[in-house]
Structure formats: C-alpha cells, structure tokens
Visitor: 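Just dropping this structure here.
The model shown is predicted, which means the values in this text are computed figures rather than measured ones. Side chains are part of it too, since the values below use all heavy atoms of this structure and drop only hydrogens, waters and symmetry mates.
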Amino acid sequence: MAAFNLTLSEPSPFILIGIPGLEAAHLWISIPFFTFYIIGLFGNFMLLFVVGKDQTLHKPMYLLLCMLALTDIGMSTCLVPMALCIFWFNLKGITVSGCLTQMFFIHTVSVMQSAVLVTMAFDRYVAICNPLRYGTILTNARVAKLGLVGLMRAVLFILPLPLLLSRHPFCANRIIPHTYCEHMAVVKMSCGDITVNRTYGLVIAIVVNGSDLALIALSYVLIITAILRISSKEAHQKALNTCTAHICVMLMSYTPSLFSYLTQRFGQGIASHVHVTFANFYLLVPPMLNPIIYGVKSKELRDKVSKYTCRR
C-alpha cells in the first residue's frame, strides 16, 4: 500500500453509484445479488470440504476444481459485500486506496481463474489423448505448481495497474458509474494522460486472455481430432461427456468477460446499465453455477456430496 502514495493521502473518496439508471430498483436488484452469493459460497465451500475430507478425491481433476472454487469465492466476495452496501445502505463512498485494492484483487482473481481454466483444458487433453500416461504427466504436485505459476502470473500482470493509477491526479468529479472499481472505469476518472494505462490494459487483455483462449482452443482441436479417430460411438459420447462441464464453465466465464471488456472500450452506444449488468454477471453468476455444473456432471463428486450431507 505504500506504493500508492500519491493519491492515497487525498481525503476525497470515489463514489460508486451502483447500476446507473436503475437506482430506484437497487433494493430489488440486491435480492438476486445476495441469493447468488450465498448459493455460490455454499456450493464452493461444500466442494472444498468434500474434496478435502475424502482421500479418494485427492486427484489432479479435483485439485483443479478446488482452485476454481477458491477463485470463485474470491471473485464474488470482492464484489458482493460492497455492492450490497450500496444497494441496502446507500454507502457509496470508497477511498482511493480501497478502490485500487479492490481493483487489484478482482482483476488478479480473474486472471488466476483464466489460468485454472487453461490447466483444466490441458487436464482434459491428457485424459483423452494420453490416458495411459495421465498419472505420470499430471500429478498432484505438478498441478499445484501450475496453480502457483498461474497465481504469480496474475499478480505480476495486474500489480502495475494500481501502481500506474496511483501516480495520476484524479478529477473533482469522482463518480464511478459502476458497482465496483473496474480498471477502465477508474482510469476515466483521471485528469492526466491515460495512454499508458489504456495501452497496458489492452496488452493484458491480448496477452492473457488471447493466449489463454488460444491454448484452450488448441487443446480442444487436439481432443476433437483424437475423438474422431475413435470408431465406437459409445466411446465418442463418453469422451465428449468428460469435456461438457469444462466447456460450460468456459463459456460462462469468457463470454460476459469479453463482452464487458469490448463494451467498456468500444461500445459507446451501449447503455451504461447494460455494461455494468454484464460486468456483474461475470463476477457473480459463474461462481454460483460452477460447483452445480461439476456436481451434476461428476457422478463421483455427486456421490461423495450425498454421502456427507446424508450422514449429517
């Protein structure tokens, strides 16, 4: 926090107005926010508890699910408590340091989640294309190291965002039309030259999201090629079923994220409440649905959850 020394001493806070244009409906909007958050917390903590409790689930696939659950918990927790303070208590002020901190954690967790999804795509590739070597290629220790590398990458890429912003003077009008301190929304509050900030944000989007999506696409091209070589239709179906959950999670994560990013930069004609709603959708809905999707698609995980819940 000492690095943010130029603007943090300023007493004037930012004002987060929530969802612009829908202020009158904030109380009603808070209901799905709170509901999705509680369901997401329950589902992800249940997944962490079951995997941690049952030794038979100490496998690379379930270790990756735990990483995904941790990113889901972190992502929604960075957003929902502050949003509910706005919706319920009209507490819209946030200090510059608090805003930069929230921005850092939200974007770091987002980049970390992208790394987990890439690793999960690699996991499916090895499981389908090299099933006999799966146990030697993907060990728990190797998956943990990949997770650590993903976390380090996220921190190194995102840390410059608040550091660069901390050097800028902010305008007198510090009203942010958002529920949280999204990077580009905060950048627009600056009265200085924001060229470097905009360029660096674009570089992150291209390098991180672009490379991650390319690796995922490559994995699935190889997976589909391997599946087409299988003659049995039953084997086709079984192989595809192992990828269904991951594909659903990917679509839920990347689609609103890309839409939010593109509308923030290029969608000048799109209403603010549409952009903010999609940005919240990306941080709120996937964390709720991810454990449900994997619970439905994984019979082993579903059985273990039933075992512990029925026992209690």
Visitor: Roughly how far, to the nearest 0.5 Å, is CE of Met61 from OH of Tyr294?
Guide: 6.5 Å

Visitor: Scan the side chains in residues 127-138 for donor-acceptor partners under 3.5 Å anywhere in the protein, sequence neighbours excluded, and list what turns up.
Guide:
unit_1 : atom_1 : unit_2 : atom_2 : d
Tyr134 : OH     : Asp123 : OD1    : 2.4
Thr136 : OG1    : Arg133 : O      : 2.9

Visitor: Take Gln102 and Tyr180, measure what side chain to side chain contact (heavy atoms under 4.5 Å, CB included) needs, and give me the verdict at the end.
Guide: CA-CA 8 Å; Gln102 185 191 43; Tyr180 65 92; 3.6 Å; yes

Visitor: Does the side chain of Tyr254 reach to within under 4.5 Å of the side chain of Ser114, using non-hydrogen atoms?
Guide: yes

Visitor: Give the intermediate values and the outcome of side chain to side chain contact (heavy atoms under 4.5 Å, CB included) for residues Ile293 and Met252.
Guide: CA-CA 11 Å; Ile293 290 172; Met252 284 194 307; 3.3 Å; yes

Visitor: Within the structure provided, determine whether Met250 and Tyr220 are in side-chain contact (heavy-atom separation under 4.5 Å).
Guide: yes

Visitor: Kindly give the heavy-atom pair with the smallest separation between Ile17 and Ile175, and that separation in Å.
Guide: CG2-CG2, 3.3 Å

Visitor: Using the test side chain to side chain contact (heavy atoms under 4.5 Å, CB included), find all partners of Phe34 that sit at least two apart in sequence or belong to another chain.
Guide: Ile38, Leu84, Trp88

Visitor: How far does OG1 of Thr77 sit from CZ of Phe105, to the nearest 0.5 angstrom?
Guide: 12.0 Å

Visitor: If you measure from CE on Met189 to CD1 on Ile15, what distance do you get to the nearest 0.5 Å?
Guide: 11.5 Å

Visitor: With sequence neighbours excluded, what pairs up with Leu218 under the side chain to side chain contact (heavy atoms under 4.5 Å, CB included) test?
Guide: Leu222

Visitor: Answer whether the closest heavy-atom distance between the side chains of Leu165 and Val96 falls below 4.5 Å.
Guide: no

Visitor: Side-chain donor-acceptor contacts of residues 144-160 below 3.5 Å, not counting sequence neighbours, with atom names and distances?
Guide:
unit_1 : atom_1 : unit_2 : atom_2 : d
Arg153 : NH1    : Asp212 : OD1    : 3.0
Arg153 : NH2    : Val111 : O      : 3.4
Arg153 : NH2    : Asp212 : OD2    : 2.9

Visitor: State, without any angle test, whether Tyr200 and His183 hold a side-chain donor-acceptor pair at a distance under 3.5 Å.
Guide: no

Visitor: Are Tyr62 and Leu47 packed together at the side-chain level, in the sense that at least one heavy-atom pair is separated by less than 4.5 angstrom?
Guide: no

Visitor: Which value, rounded to the nearest 0.5 Å, describes the distance between Ile176 atom CD1 and Lys92 atom NZ?
Guide: 13.0 Å

Visitor: Nearest heavy-atom pair of Pro286 and Ser253: which atoms, and what distance?
Guide: CB-OG, 4.4 Å

Visitor: Which residues pass the ring-ring contact (aromatic ring centres under 6.0 Å, His included) test with Phe87, sequence neighbours left out?
Guide: His26, Phe33

Visitor: Can I get a per-line list of side-chain donor-acceptor pairs under 3.5 Å for residues 63-73, giving both atom names and the distance, sequence neighbours left out?
Guide:
unit_1 : atom_1 : unit_2 : atom_2 : d
Thr71  : OG1    : Leu68  : O      : 2.7
Asp72  : OD1    : Gln113 : NE2    : 2.7
Asp72  : OD1    : Asn290 : ND2    : 3.4
Asp72  : OD2    : Asn290 : ND2    : 3.0

